[in-house]
Amino acid sequence: MTVEVDVRDSRGLPASKVEEFYDSVLAPSFVESELVPRAELLADLDDPGDGTVASVALDDTGEILGGAVGQWFPQCRVMLTAYLAIRPGQRGGGIGGTILRAVIEDWRHRVDPLLIVGEVEDPRHHTDIGFGDPERRLKFYATAGAKIVPVPYFQPAIHAGGGRVPHLFLMTFAVADECRRGERGIDASVVRAFLEANLAANEGSVDPDDPATAALLDALSAPSVELVEPAAIRIDR
């Protein structure tokens, strides 16, 4: 049976629905190191100048099915898909694809980004520990047309006392024509600017002497970087 999905901007929903989205969708879908604390996210969404936006997917009865959270970096015109998740028990029915298409269209019209990117676990290093299958998740994004930026990406430490999350793919979900370089390349300076802004926003600064940071930025020293198809990643089990 096809589920009717209505993807709405969280600003048009009651606060209780946004809180329910966090509790019933985000909290069961991400480990603590990957998830912004509840109070912090709700405060960011309430602040019109913060750049954090959320979309919540509802069925025709108003039940929450899933949603997405985006973080806008205006200095480099990059939108980070911080979270995209489906409520447990609702996965596998095409809801994720509906949400992704809806938010990409919304964000394109809202802020005209050069890039829409997302952080996806590398299944060669991450396994399903109860928060979703990384290999299946990578295939989902591949089907949606996402490409991998070939850099040693890690998620910055997103809250006090938390650590970085290594071995992630930085993937492009949408690329503006002005950011493209040739058939498969994109402007490396845009990606580098995003990485620096993301590190500064979460960790307070960009430390060029930190080995992981240096390796990440050094991978973008050329004028352009060629995107990689997810199918090219060999996963040995």
Side-chain angles (χ1 to χ4, degrees), residues 5 7 9-10 25-26 29-30 34 51-57 65-86 91 94-123 126 132-151 153-156 158 165 167-195 197-198 201 216 220 224-233:
V5 182
V7 183
D9 188 325
S10 67
V25 176
L26 296 182
S29 300
F30 297 94
E34 296 177 344
T52 301
V53 296
S55 296
V56 179
L65 301 173
V69 177
Q71 185 177 4
W72 173 235
F73 292 85
Q75 64 270 59
C76 52
R77 291 175 57 197
V78 174
M79 179 68 87
L80 170 65
T81 310
Y83 304 109
L84 190 154
I86 311 304
R91 295 167 182 161
I95 297 170
T98 299
I99 295 171
L100 183 60
R101 290 189 294 271
V103 297
I104 287 175
E105 181 178 2
D106 175 40
W107 294 342
R108 277 174 160 166
H109 285 91
R110 188 187 300 210
V111 293
D112 188 27
L114 291 175
L115 291 173
I116 298 175
V117 300
E119 303 163 324
V120 181
E121 293 166 324
D122 182 344
H126 295 269
D133 182 353
E135 186 171 356
R136 184 176 178 180
R137 188 177 293 123
L138 181 62
K139 289 178 180 177
F140 162 76
Y141 285 115
T143 300
K147 306 291 189 297
I148 297 170
V149 183
V151 296
Y153 186 74
F154 56 87
Q155 182 192 67
I158 60 174
V165 182
H167 304 305
L168 301 183
F169 288 133
L170 179 67
M171 302 190 75
T172 60
F173 297 163
V175 180
D177 288 342
E178 61 188 289
C179 192
R180 295 187 182 276
R181 297 294 182 269
E183 184 177 349
R184 294 188 300 274
I186 59 174
D187 187 338
S189 68
V190 174
V191 183
R192 185 184 177 103
F194 159 70
L195 295 174
N198 193 29
L216 181 61
L220 296 160
S224 65
V225 57
E226 290 206 348
L227 301 177
V228 174
E229 294 285 348
I233 303 299

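Keep in mind that this is a model prediction, so the values were computed, not measured.
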Would Lys147 and Met171 count as a side chain to side chain contact (heavy atoms under 4.5 Å, CB included) here? Give the steps.
CA-CA 5 Å; Lys147 306 291 189 297; Met171 302 190 75; 6.0 Å; no
Closest approach of [X] to [Y] (non-hydrogen atoms, all atoms of both residues):
| X | Y | answer |
| --- | --- | --- |
| Ala201 | Phe73 | CB-CE2, 4.2 Å |
| Ala174 | Arg108 | CB-NH2, 3.6 Å |
| Leu100 | Ala144 | CD2-CB, 3.7 Å |
| Ala68 | Ile99 | CB-CG2, 4.0 Å |
| Ala85 | Val25 | O-CG1, 3.5 Å |

Evaluate the side chain to side chain contact (heavy atoms under 4.5 Å, CB included) criterion for residues Tyr153 and Leu195: first the C-alpha distance (whole Å), next the side-chain angles of each, then the deciding distance (0.1 Å), finally the verdict.
CA-CA 9 Å; Tyr153 186 74; Leu195 295 174; 3.5 Å; yes
Value rounded to 0.5 Å, distance of [atom1] in [X] from [atom2] in [Y]:
| X | Y | atom1 | atom2 | answer |
| --- | --- | --- | --- | --- |
| Met79 | Gln71 | CE | CD | 9.5 Å |
| Ser55 | Leu84 | OG | CG | 9.5 Å |
| Leu216 | Arg192 | CG | CZ | 9.0 Å |
| Ile148 | Tyr141 | CD1 | OH | 12.5 Å |
| Arg180 | Leu227 | CZ | CG | 8.0 Å |
| Asn198 | Ile158 | CG | CD1 | 10.0 Å |

Is the shortest heavy-atom distance from the side chain of [X] to the side chain of [Y] under 4.5 Å?
| X | Y | value |
| --- | --- | --- |
| Asp106 | Val53 | no |
| Leu114 | Cys76 | no |
| Pro113 | Trp72 | yes |
| Leu115 | Ile186 | yes |
| Glu119 | Glu34 | no |
| Leu170 | Phe194 | yes |
| Pro123 | Phe169 | yes |

Just wondering, more than 12 heavy atoms not from Glu105 lying within 6.0 Å of its CD?
no
Could you walk me through whether Ile86 and Leu65 pass side chain to side chain contact (heavy atoms under 4.5 Å, CB included), step by step?
CA-CA 6 Å; Ile86 311 304; Leu65 301 173; 5.6 Å; no
Treating [X] as the side-chain partner and [Y] as the backbone partner, does any N or O pair qualify as donor plus acceptor under 3.5 Å?
| X | Y | answer |
| --- | --- | --- |
| Thr81 | Gly70 | no |
| Arg184 | Arg181 | no |
| His167 | His126 | no |

Given the options Val175, Val190, Val78, Val117 meets side-chain contact (heavy atoms from CB on, under 4.5 Å) only with Val78
Apply the test side chain to side chain contact (heavy atoms under 4.5 Å, CB included) to residues Ile116 and Trp107: give CA-CA distance (whole Å), side-chain angles for both, the deciding distance (0.1 Å), then the verdict.
CA-CA 8 Å; Ile116 298 175; Trp107 294 342; 3.9 Å; yes
